[in-house]
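Predicted model, so just to flag it, every value in this text is computed and none were measured.
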Protein chains: 2
Amino acid sequence: MARLPEYLRALHNLAETGNETVSSEGLANAAGVNSAKLRKDLSHLGSYGTRGVGYDVALLIEQIEYVLGLTQRRAVALVGVGNLGHALAGYDGFASRGFRIAALLDADPARVGEEIHGMVVRHVDELPQVAAEESIAIGVIATPASAAQRVADQLVAVGVTSILNFAPCVLSVPDGVDVRKVDLAIELQILSFHEHRKASLTGLPRTGGSALTALPGGLAVTEGQEAIGT
Amino acid sequence: MARLPEYLRALHNLAETGNETVSSEGLANAAGVNSAKLRKDLSHLGSYGTRGVGYDVALLIEQIEYVLGLTQRRAVALVGVGNLGHALAGYDGFASRGFRIAALLDADPARVGEEIHGMVVRHVDELPQVAAEESIAIGVIATPASAAQRVADQLVAVGVTSILNFAPCVLSVPDGVDVRKVDLAIELQILSFHEHRKASLTGLPRTGGSALTALPGGLAVTEGQEAIGT
DNA sequence: CGCGATTTGTGCACGTCTTCACAAGCGCCT
DNA sequence: AGGCGCTTGTGAAGACGTGCACAAATCGCG
């Protein structure tokens with residue numbers, strides 16, 4: 001499930017604050033989900049909870065990390081050291097959560113050789129060598145959209161089977177390769193949609209308007225969280 | 001729907017390449033979704049497709065931008081100009097897709113006054129003034145997790161009703177405030193999970209292992225795309 | 001003017017995810 | 001040892017999203 005990493009983060013927090021065990025209710029709150037959902041998720045990994053007590057935090061962390069394949073530190077190749085790539089290269093969250101940026105690559109010769117956060121940028125055509133040196137499991141694409149597909153092909157060619165794509169475009173990859181996409185502008189646009197929705201049903205009823213603002217049922221906010229109480 | 005921005009992006013691409021109209025099939029391919037799904041999505045906005053012809057690209061762009069509330073350029077306040085915030089401040093995608101970064105804020109006095117991409121960083125406590133100068137619709141949190149909740153409270157206090165949170169933590173906000181979360185490490189962990197899954201069912205069958213690697217049905221990759229053919 | 005090719009819009013069925021509610025199990029206290 | 005309260009794990013019901021398949025509608029051409 002895609003929620004396991006969130007549970008893992010919450011568990012690490014709990015472990016740091018000295019909790020030995022946690023109930024499904026407590027963990028669910030910390031992760032921002034329903035407690036029944038959490039129990040069902042955890043039960044799917046044949047988990048070790050104790051009725052009447054809860055879950056052993058340390059044990060559960062170990063279990064989830066195993067399922068996520070985080071027992072080994074995975075090497076990540078980051079392609080594109082523009083604005084975003086630069087930030088990603090220095091992002092602490094990667095190192096602290098089981099990943100190691102093994103290589104920085106870029107297609108721009110002017111950038112090759114540049115040192116960023118203690119790593120030297122290499123040319124993207126050196127990917128085969130890089131892959132030979134280290135077993136690259138995951139590729140991160142932080143290039144402009146125009147270059148993304150080509151980079152993806154190159155990554156696939158050297159055996160990468162998981163790609164995290166920050167470029168605003170659809171990648172086509174062969175079977176067996178997983179792609180996850182993160183588009184920052186899209187996130188904002190979704191928020192903008194909600195803003196627009198809220199604004200139009202609060203103030204002006206927009207009598208003459210089309211059906212666009214008052215979309216028929218089922219458009220309530222399902223993602224994200226709304227109000228958990230303070 | 002959360003897919004509308006993706007359609008919009010695809011439509012802009014099509015418009016630039018000189019297409020006047022597009023069929024649901026064509027647009028679906030460009031956006032990486034099923035054509036029936038796309039038609040259903042578009043029909044929910046009471047849309048203007050012509051049977052036998054397809055959709056008018058320009059009209060559809062206009063419609064979707066209206067629904068998303070992009071007819072007005074929305075002002076965004078960005079809090080936290082560390083690694084990530086720095087990159088976000090310079091990210092072209094925001095400006096080019098209907099957003100304007102109206103203010104850069106940070107809690108660290110050492111950073112206040114610094115100029116980033118032509119903008120001066122102000123102290124986060126100046127939020128009320130900033131909000132008074134411009135109508136801030138959306139707040140972006142790019143701070144460490146420890147500061148995120150406090151920043152969220154401050155944003156809510158000045159009337160922000162949509163928050164994009166990059167900090168790895170759950171925010172609690174009052175009713176009516178929308179929060180979307182982007183956690184880069186979680187994205188990688190999800191990919192790691194798929195890597196682990198692929199590795200364990202390809203190579204070693206892991207006879208003695210727990211049920212963890214061979215999770216019972218329904219864990220196929222549902223998000224992202226897998227293989228669209230090249 | 002009529003016919004066929006093409007494409008939208010949608011009813012229907014299916015599978016998945018979510019949530020409730022409750023039985024089973026565990027520990028603690030008497 | 002027995003009972004009581006608490007928490008997990010799960011069955012069932014419902015909501016939701018997805019995809020197929022087809023009727024309705026439009027255009028172009030003869």
Side-chain angles (χ1 to χ4, degrees), chain A residues 1-4 6-7 10-11 14 19-57 59-60 63-64 190 210-212 215-228, chain B residues 1-4 6-7 10-11 14 19-57 59-60 63-64 190 210-212 215-228:
Chain A
M1 298 284 191
R3 282 185 296 266
L4 286 179
E6 190 72 35
Y7 300 159
L11 282 166
L14 288 167
N19 292 298
E20 288 272 323
T21 64
V22 64
S23 69
S24 65
E25 188 84 19
L27 182 53
N29 276 13
V33 299
N34 183 300
S35 69
K37 196 193 302 190
L38 181 134
R39 284 202 299 276
K40 190 149 286 187
D41 286 348
L42 260 46
S43 76
H44 283 163
L45 354 152
S47 171
Y48 291 66
T50 312
R51 296 175 191 228
V53 178
Y55 297 91
D56 182 289
V57 173
L59 179 62
L60 201 51
Q63 297 272 336
I64 293 181
I190 293 172
S210 63
L212 293 174
L215 290 169
L219 274 188
V221 188
T222 53
E223 50 267 318
Q225 357 137 339
E226 252 209 65
I228 308 186
Chain B
M1 299 284 190
R3 281 186 296 267
L4 287 180
E6 190 72 35
Y7 300 159
L11 283 166
L14 288 167
N19 292 297
E20 288 275 322
T21 64
V22 64
S23 68
S24 64
E25 188 84 18
L27 182 54
N29 276 13
V33 299
N34 183 298
S35 69
K37 196 192 305 191
L38 180 133
R39 284 201 299 275
K40 192 153 286 189
D41 286 347
L42 259 47
S43 76
H44 283 164
L45 355 152
S47 171
Y48 291 67
T50 312
R51 299 175 187 227
V53 178
Y55 297 91
D56 182 288
V57 173
L59 179 62
L60 201 49
Q63 296 274 336
I64 293 181
I190 293 172
S210 63
L212 293 173
L215 290 168
L219 274 187
V221 188
T222 53
E223 51 268 317
Q225 355 136 338
E226 252 209 65
I228 307 184

**Set of side-chain contact (heavy atoms from CB on, under 4.5 Å) partners for A:T21, sequence neighbours left out** = A:V53
**Request:** Check the distance between C:dT19's P and A:R3's CZ and give it to me in whole angstrom.
**Result:** 9 Å
**Item:** N or O in side chain of B:Y55 less than 4.0 angstrom from C:dG9 OP1/OP2
**Value:** yes
**Item:** Between C1' of D:dT8 and CG of A:L60, the distance in whole Å
**Value:** 13 Å
**Request:** Identify, with sequence neighbours excluded, every residue that meets side-chain contact (heavy atoms from CB on, under 4.5 Å) alongside A:A30.
**Result:** A:A10
**Message:** Is the shortest side-chain heavy-atom distance between A:L38 and A:Y7 below 4.5 Å?
**Reply:** yes
**Request:** Mind calculating the distance between CG (A:L27) and P (D:dG9) to the nearest angstrom?
**Result:** 12 Å
**Pairing residues for B:N34 by the side chain to side chain donor-acceptor pair (under 3.5 Å) criterion, not counting sequence neighbours** = none
**Message:** Measure CG/B:L42 against P/C:dT10 and give the value in whole Å, please.
**Reply:** 12 Å
**Asked** Nearest-Å distance, CD (B:E25) to P (D:dG19)?
**Response** 13 Å
**Request:** Write down the distance between NE2 (B:H44) and P (C:dG11), rounded to a whole number of angstrom.
**Result:** 10 Å
**Request:** Tell me, please, which residues at least two apart from B:S23 pass side-chain contact (heavy atoms from CB on, under 4.5 Å).
**Result:** B:E25
**Asked** Would you say the side chain of B:K40 and the base of D:dG19 hold a donor-acceptor pair, judged only by whether the two atoms sit under 3.5 Å apart?
**Response** yes
**Asked** Which of the following nucleotides, D:dT8, D:dT18, C:dT19, is nearest to the side chain of A:N34?
**Response** C:dT19
**Prompt:** In whole Å, what is the span from the CG atom of A:D41 to the C1' atom of D:dT8?
**Reply:** 14 Å
**Asked** B:R39 side chain: which of C:dG9, C:dC20, D:dG11 is closest?
**Response** C:dG9
When you compare the protein's N or O atoms with those of nucleotides 25-30 of chain C, which come within less than 3.5 Å of each other, and at what distance?
unit_1	atom_1	unit_2	atom_2	d
C:dC26	O4'	A:R51	O	3.4

**Asked** Nearest to the side chain of A:S43 - C:dG9, C:dT7, D:dT10?
**Response** D:dT10
**Pairwise salt bridge (Lys or Arg N to Asp or Glu O under 4.0 Å) hits with a residue in residues 26-45 of chain B, at least two apart** = B:R3-B:D41
**OP1 or OP2 of D:dT7 under 4.0 Å from side-chain N/O of A:S24** = no
**Item:** Min side-chain heavy-atom separation A:Y55-A:L42 under 4.5 Å
**Value:** yes
**Message:** Whole angstroms only, please: what is the NZ-P distance between B:K37 and C:dC12?
**Reply:** 22 Å
